[in-house]
Amino acid sequence: KAGVTQTPRYLIKTRGQQVTLSCSPISGHRSVSWYQQTPGQGLQFLFEYFSETQRNKGNFPGRFSGRQFSNSRSEMNVSTLELGDSALYLCASSFGTVRPSGNTIYFGEGSWLTVV
Amino acid sequence: ILNVEQSPQSLHVQEGDSTNFTCSFPSSNFYALHWYRWETAKSPEALFVMTLNGDEKKKGRISATLNTKEGYSYLYIKGSQPEDSATYLCASLDRDDKIIFGKGTRLHILP
């Protein structure tokens, strides 16, 4: 079956702009979570959505937001971009929520965002 | 420990040798420990999900153990092969649904 699909794969934005990233989960998966990967910080959890509701949120400023649609596809938005937002943004899906632990998380290949 | 720490940061291993590395995580409020394998230009691939103290999981030449009381997990690779070259990530999930990733162990297999 098709894996987690993220679009766009690569993009360049200017400081102050906003960006929207899209994630299509594996068919049948209802949980989508987002992560930011930077060289210095490693993978950091942004938020998780399950059945269109945000279940959990990491320690990121309000400029980072997301949503999930009825078909489980998810988008994340970053407003007023800063240079430090340059990162790889990974989306992951799972059948259930991150808990119970039996639910394996499947990652997409990520969206590389460069802010100049 | 408040963060997830992995050691070593980087590791070079001769092909055919066995190796292991460590993931240390907060033992309080622990719920599950995940291991991932992340090859360059690919997406992280789930290896193991472990919850119980003393858990041992195995997938081919790769195995992992879990000690929830002291907050550590070991990942073992037996008879390393070139295709094992990757970054190995662990992530700790607590009972408040907070997930924290380590920064990974970068494994290089030398031919």
Side-chain angles (χ1 to χ4, degrees), chain A residues 1-7 9-10 21 23-26 29 31-51 53-60 87-112, chain B residues 1-10 21 23-26 29-55 57 59 62 64 66 68 73 86-106:
Chain A
K1 56 183 177 184
V4 178
T5 305
Q6 291 188 244
T7 57
R9 291 294 317 282
Y10 305 92
L21 307 177
C23 174
S24 294
I26 291 172
H29 285 190
S31 169
V32 173
S33 49
W34 289 89
Y35 305 83
Q36 182 196 62
Q37 163 81 0
T38 56
Q41 296 297 320
L43 260 182
Q44 294 187 87
F45 172 73
L46 279 156
F47 27 67
E48 182 196 5
Y49 287 86
F50 182 80
S51 294
T53 301
Q54 187 179 86
R55 283 195 72 255
N56 202 0
K57 192 175 189 300
N59 294 326
F60 279 82
L88 172 67
Y89 290 88
L90 284 170
C91 163
S93 77
S94 63
F95 179 72
T97 59
V98 175
R99 283 207 291 148
S101 63
N103 290 312
T104 300
I105 302 171
Y106 297 87
F107 283 90
E109 292 184 326
S111 293
W112 285 97
Chain B
I1 298 174
L2 297 179
N3 288 315
V4 174
E5 296 170 5
Q6 292 188 246
S7 63
Q9 194 174 6
S10 181
F21 27 92
C23 171
S24 300
F25 55 87
N29 210 28
F30 170 84
Y31 189 81
L33 194 284
H34 294 232
W35 278 102
Y36 295 89
R37 180 171 170 277
W38 196 358
E39 288 183 75
T40 304
K42 294 187 178 180
S43 50
E45 172 197 355
L47 286 174
F48 305 114
V49 177
M50 308 170 79
T51 57
L52 299 175
N53 186 45
D55 248 357
K57 296 264 177 118
K59 187 176 182 178
I62 304 176
L66 180 68
T68 61
S73 175
T87 296
Y88 291 82
L89 287 174
C90 69
S92 174
L93 176 68
D94 70 15
R95 294 185 181 279
D96 297 320
D97 287 348
K98 184 178 178 184
I99 186 165
I100 305 174
F101 283 83
K103 293 186 180 179
T105 292
R106 184 80 178 96

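Naming: A, B, ... by sequence-line order, numbering from 1 per chain.
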Worksheet entry | Whether A:Tyr35 and A:Phe107 hold their rings parallel, tilted or perpendicular, with breakpoints at 30° and 60° |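 Answer is tilted, since the angle falls between 30° and 60°.
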Worksheet entry | Proximal component of A:Leu90, with respect to chain B [non-hydrogen, under 4.5 Å] |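 Side chain only.
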Discussion item. Given heavy-atom pairs under 4.5 angstrom as the criterion, report whether the side chain, backbone, both or neither of A:Gln41 touches chain B.
Written reply: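 Contact with chain B is through the backbone of A:Gln41 alone.
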Worksheet item: Hey, is the main chain of B:Ser43 close enough, under 3.5 Å, to the side chain of A:Glu109 for a donor-acceptor pair?
Response: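 Judged by distance alone, no pair lies under 3.5 Å.
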Worksheet item: Between the side chain of B:Arg37 and the main-chain N/O of B:Thr87, is any donor-acceptor distance below 3.5 Å?
Response: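 Looks like no, no N/O pair under 3.5 Å.
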So what's closer than 4.5 Å to chain A heavy atoms on [X]: side chain, backbone, both or neither?
X: B:Phe48; answer: neither
X: B:Leu89; answer: side chain
X: B:Ala91; answer: neither

Worksheet item: Can you find a heavy atom in the side chain of B:Trp35 that is under 4.5 Å from one in the side chain of B:Ile62?
Response: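 Of all side-chain heavy-atom pairs linking B:Ile62 with B:Trp35, none is under 4.5 Å.
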Discussion item. Testing A:Ser33, A:Ser31, A:Ser94 one by one against A:Glu48 for a side-chain hydrogen bond (donor to acceptor under 3.5 Å, both in side chains), which residue passes?
Written reply: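 Among A:Ser33, A:Ser31, A:Ser94, the one that satisfies the side-chain hydrogen bond (donor to acceptor under 3.5 Å, both in side chains) with A:Glu48 is A:Ser31.
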